[in-house]
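Just below is one structure, and these are the notes that go with it.
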Amino acid sequence: MTAAEIRQQFLDFFQSKQHAVMPSAPIVVKNDPTLLFINSGMAPFKDYFLGNKPAPHKRIADTQKCLRVSGKHNDLEEVGVDTYHHTMFEMLGNWSFGDYFKKEAIEWSWELLTEVYKLDKDRLYVTVFEGDEKEGLDFDQESYDEWKKYIAEDRILRGNKKDNFWEMGDTGPCGPCSEIHADCRSAEERAHVAGATLINADHPQVIEIWNNVFMQFSRMKDGSLQPLPDRHVDTGMGFERLVRVLQGKQSNYDTDVFTSTITAIETITNKKYDYSDSKQAIAFRVLSDHIRAISFTIADGQLPSNTGAGYVIRRILRRAVRYYYSYLDYKQPLLHQLLPVIAMQFDTVFPELKKQEDFVARVIKEEEEAFLRTLEKGLKKMDEIIKQTSTVINGKEVFELYDTYGFPIDLTRLIGSENGLEVDEAAFEAKMLQQKTRSRAATAIDTEDWIEVHEVAKNIFVGYDDLNVATKVARYRKVKAKGKEQFQIVLETTPFYAESGGQVGDVGELMMGSEKLNITDTKKENDLIIHFADSLLEDMSLPVTAKVNWEKRIETTYNHTATHLMHAALRQVLGTHVAQKGSLVNADILRFDFSHFSKMTDEEIRKVEEIVNEKIRKNIPVVIKELPKEEAVKLGAMALFGEKYGDTVRVVTIDPNYSIELCGGTHVGHTGMIGVFTITAESAVAAGVRRIEALTGAAAMRYFVDKVSQHKQIAELLKAKDPFKTVEKLIEDKNALEKKLEALENKELAVMAKELVTKTTSINGTNFLGLSISISSTDALRKLAAQLKPLLNNALVVLTSVVEEKAQVLVMVDEALVTSKNLDASKLIKEQIAPLIKGGGGGQKTMATAGGQDTSQLDKVIETIKTLL
RNA sequence: GGGGAAUUAGCUCAUUUGGUAGAGCGCUUGCAUGGCAUGCAAGAGGUGACCGGUUCGAUUCCGGUAUUCUCCA
C-alpha cells in the first residue's frame, strides 16, 4: 500500500461516516500572536473549539501540514539523528464539533485500523486516563468501557495526567485522551518482553500512532476546570508513522514518503544512503526531511528572513546546508535541485507546491547561496582565531563566530579538532543562555484573565458600512509588556477594522456620555476582534458608542482599492507570474510585495501608473459579494496561496475583466474616489520578490506639488529652461575647476618652497629651517612640507602658522637625523611644542603636526627647536 | 521585539594604541607579443554610508539614522 493510498483511505473512510473532507490549512499561521506555524491537526480549528465562531460542519476529516521545531520532543537538532522525528509532518484527523463523542470515535478508529488497514490486533494497545485526585478528575470509565468491546482488557492501559490529559494551552479547552499504540517489534522480541511494558517508554519500535482527545473541560486562569457546554472530539494520527507501521518498515525514512527524495540525493551527491547512524546517513535523513518543511512553508507564503517565522525557515534550511556541506562533501546549492521530486510527489494532496515550483526553487537556491557565502566569511574568521590560539578556543570567540558571523558551532568544533584545538563549550553555553534570557525578558507578556462584562454570542463586525455604532463591551483584560500596560477590549458589535490582509487596524474612540477613550489599534486574535487602549472607561458596563477615525479609514481605503488596481496592472505589464507576497496598506502609503525576478524598468513603472490612473478616471464601480469559495475561483478570482479561507469568501471585483480578488479589506464605492496614483519607489526585498511603494489621493497630490515646485525652484536658481543639462554642465565644470585649483595650489606651494629653502641656515652641520608663514589650511601646510622635502637633506624643518585663529605647527625631521641625532618629531611635538601653544599634537618620527589655542608663542616654538641642535 | 557586527576605488578587500588612505582584479593610454585569463610602463578612479559630538587634528573614539549580515525570542 503506498503512502498516497493510505492517506486516501483515511479520508474516504471518514467521508463514509458523514465527515466533510477539508483541504489542509496553510502551514503558515496568520493572526495568531501565540503561534508561528500550524503545529497540530487541531490548530486551524482553534476558533471552533474556543467558541469564537461556529464550525462549518459538525464532522470534519483532513490531513494537515504541521511544523514543529521546538518543544520537549521536537528539538530541531534531533531531527534526522533518529528515525521518527520530523520538522514537517502530516497529521490525519477526524473532528466532532459538539457532535459525536467517545463511543463513535473509539469505534471508528478501531474499525479503520483493523478492518480497512488490516493491522494485526495483537500488535495494538490503547491507553485511557487514570484520573487525577489533585484535579478532582475521575478515571475515564466511559472510554474504558467502549474499548472493552473491541480489545482484551490487559491491552487497555491506564495513563496519568502527563500522557492522557490533553490541554490546548495554559488556559482553554482540555480533556482526557485515549492513545493507540502499535508494537512493531519482531516475534521473538515480542515473546521476550511484553509490549505493554514498553508503551510510552520511548522505544523506537513501540510507538503511539493515534491520539483521540475528548474535550469536555475549560481550564481557567486560576487553574480550575469548568465543564464545556459542547463536547468535542479532536484526533490526530501522525501520517509518516502510520505509513511506516503499515509498510512494515523500521524507519519513517524507509517508507515511500521519503525514499524518492533520498534516491535523488544519492544521484546528486554520488553517495549511498546506508541506513546507519553515521553522519553521512544522518545527512540524508536531514535533507529529505528539511526540504519538505522549507518547500511547503515557502509555498504557503512565508519567505526565509532574519526574524520571526521566516527565521525558523532559514534555520531549517541552514541546518540542511551544514549537513551536505560537512558530511556529503557537497559545496554548492543542493536543496533546490530536489524540488521537482517533492512537488511531483505531493501534486494531488498539496497542489500549491507544484503550482509554484519554479518560484520556490529559486528562493531556496538564493538562500543556499547566501549561506554558503556566510560560511566562507566564517571560515576566514576561523583562520584568524586558529592562528592566535594554542589549545582551547575561548567561549567568547566561539560565541562571536556563532552569534555575529552565523558560523555553526559544530563546524567550529570540527575545524578546531582538525587543528588540534578544543572548544570551551561551557563558556559558550553560558553566553548562549545569557542571550536567551535577555531576549525572553524583552518579549515577556503578562496577560490577565478576560473580565466578562456582557455575555454575547458572537462578535460582529459592521465596519464595512458603519463607522459609528452604539454597542456594549463584551469583555476586556489587562496586558503588560515591557513595563507598559495596555487594555484589550472586545465589543459586541464593532465598526473597527482589525489588521488583516495588509490593511492596518482602525484607530478611533469609544464614547460613554462625555467620557472618551482612545482606541490606538485594532487586531485580530484568530477571529476575535480586539481593540487596544491605554486605559479604561470609568464604568465598562454602560452602553458605549464606538467611533472610527473617519479620515484615516477613508485614506486607507483609497490605498487598498489602489492596491488591487495595481496588482492587476502589474500582471498585465509584467506577466501572470506576478503574485502578491505581502502588503501594507495604511492612511499614508501603500506598499506591495510581489513575485518578480528582475528590477522593473522605468518604462514598466510608468506603464503600471498609466493603467491604474486610467482605471481611476473610468470611475469603475467596486462590486463586493460574499460567495462560496468554489464559485469565486470559477469567476477567476486570484486564489492567494497562504490565505486560509472559510467556506464563503468575500470577492472584490473591479470590472470583471480587470480585477477579481478575494479580500476582507475595505474599499471605495467607485475607483474615481482614489483621485490619482503614483509609484514612489521600487526595490528588492528578497530573492525573486520586488516591493513597490505608492501614494494615492491627497498624498499623491502633495507629492506632485512638492516635486514640481522643487523643479521650478531649481530652474529659477539656474535661470535655465533645461535644468538637467545645466546641472550636468555645472558638475563637469566644477570637477575641472577643482582640478585646476589643485594644480595651481601645488604650483604656488612649489614656488613658496623654493623661496623658503633659501632661508635655511646650518647649525652644527645640520640644515635648519624655522619660519613663521602665512598659509590657508593645515592641509596646505602639510603639502608645503612635502614640497620642501626633496629640496633639503639632513634637515630639521619647523613651520608655524595661524590658521582660523589657531596656532599650527609642523615639524619635519630628515630620516638620517632621526637615527644620527636621535630626534623624534612626534615626541618633540607632544612633549615640547603642544604645551607651549596650549594644544595637542602628534605624528610620525619624521613628520608631526600640532595645533593649539595660543598663537602668541609661535616664535618661541621655533627657538625651542633651534636650541636642540 | 532584544543583542552582536559590517558599510573604505567599478568589484574583492587591507590599513593598531587618532597624525597626508593602500593592494589585487577591472578600466584608460602608450609600448612589446601572431593567438590563449600575455608582458612592461604610465594614468584615471575616494565627501572612507549619512548626521552630530569629543579633539589642535577622526576612516579610526562616542552618540544617532539608514542599509545589510548574524544570533536569540
Side-chain angles (χ1 to χ4, degrees), chain A residues 33-36 69-70 76 304-312 314-315 318 367 369-378 380-381 384 396-409 428-429 431-445 481-484 681 683-686 731 734-735 738-739 742 746 749 777-789 800-812 824-830 833-855 857-858 861:
Chain A
T34 63
L35 207 58
L36 293 174
V69 287
S70 59
L76 176 59
S305 75
N306 58 359
T307 173
Y311 181 58
V312 175
R314 178 166 282 175
R315 246 170 63 195
R318 290 186 170 195
E367 189 66 22
E369 281 168 349
F371 184 53
L372 288 170
R373 279 198 295 273
T374 300
L375 284 182
E376 291 284 316
K377 283 190 182 160
K380 233 168 138 183
K381 186 86 190 163
E384 278 172 37
K396 189 170 163 264
E397 277 172 326
V398 179
F399 185 72
E400 194 190 334
L401 264 173
Y402 174 76
D403 180 68
T404 302
Y405 296 90
F407 199 70
I409 175 125
F428 174 82
E429 290 300 331
K431 286 261 174 197
M432 201 69 209
L433 190 68
Q434 242 177 24
Q435 153 115 310
K436 282 186 183 174
T437 42
R438 195 178 35 228
S439 282
R440 274 206 199 98
T443 46
I445 298 177
K482 281 189 287 178
K484 200 183 144 205
S683 59
V685 267
I731 291 172
K734 177 183 164 277
N735 286 339
E738 270 175 0
K739 256 178 220 162
E742 204 187 329
N746 283 339
L749 288 170
S777 71
T778 53
D779 201 42
L781 195 65
R782 270 198 294 267
K783 277 186 182 155
L784 178 62
Q787 295 273 4
L788 278 169
K789 201 172 179 191
T800 70
S801 180
V802 177
V803 176
E804 285 166 5
E805 289 168 30
K806 277 179 188 161
Q808 295 291 342
V809 178
L810 181 142
V811 176
M812 184 163 71
D824 182 337
S826 177
K827 232 177 175 177
L828 273 176
I829 282 278
K830 272 187 194 155
I833 311 300
L836 269 179
I837 55 171
K838 291 188 182 136
Q844 290 113 18
K845 283 186 176 176
T846 54
M847 172 144 80
T849 57
Q853 311 292 343
D854 193 349
T855 54
Q857 301 295 313
L858 290 177
V861 166

Phosphate contact ([N] OP1 or OP2) by [X] side-chain N/O below 4.0 Å:
X	N	result
A:Y311	B:A73	no
A:R318	B:C71	yes
A:R314	B:U70	yes
A:T849	B:C56	no

Along RNA chain B (nearest heavy atom to each residue), the more 5'-positioned of A:R440 and A:A807: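 The 5'-side residue here is A:A807.
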Position toward the 5' end of RNA chain B (nearest nucleotide), A:G841 or A:L401: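 Closest to the 5' end, via its nearest nucleotide, is A:G841.
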For atom [atom1], what is the distance between [N] and [M], given to the nearest Å?
N	M	atom1	result
B:A21	B:G46	P	14 Å
B:G24	B:U17	P	24 Å
B:A37	B:A5	P	44 Å

Whole-Å distance separating the CG atom of A:L76 from the P atom of B:C72: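 For the pair A:L76 CG and B:C72 P, the rounded distance is 10 Å.
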Length of the CG-C1' vector between A:L788 and B:U20, whole Å: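 Taking CG of A:L788 and C1' of B:U20, I get 15 Å after rounding.
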Counterpart base for B:G39, defined by Watson-Crick or G-U wobble contacts under 3.5 Å: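 Partner of B:G39: B:C31.
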Touch class at under 4.0 angstrom, heavy-atom based, for A:G842 against every strand present: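 The residue A:G842 makes base contact.
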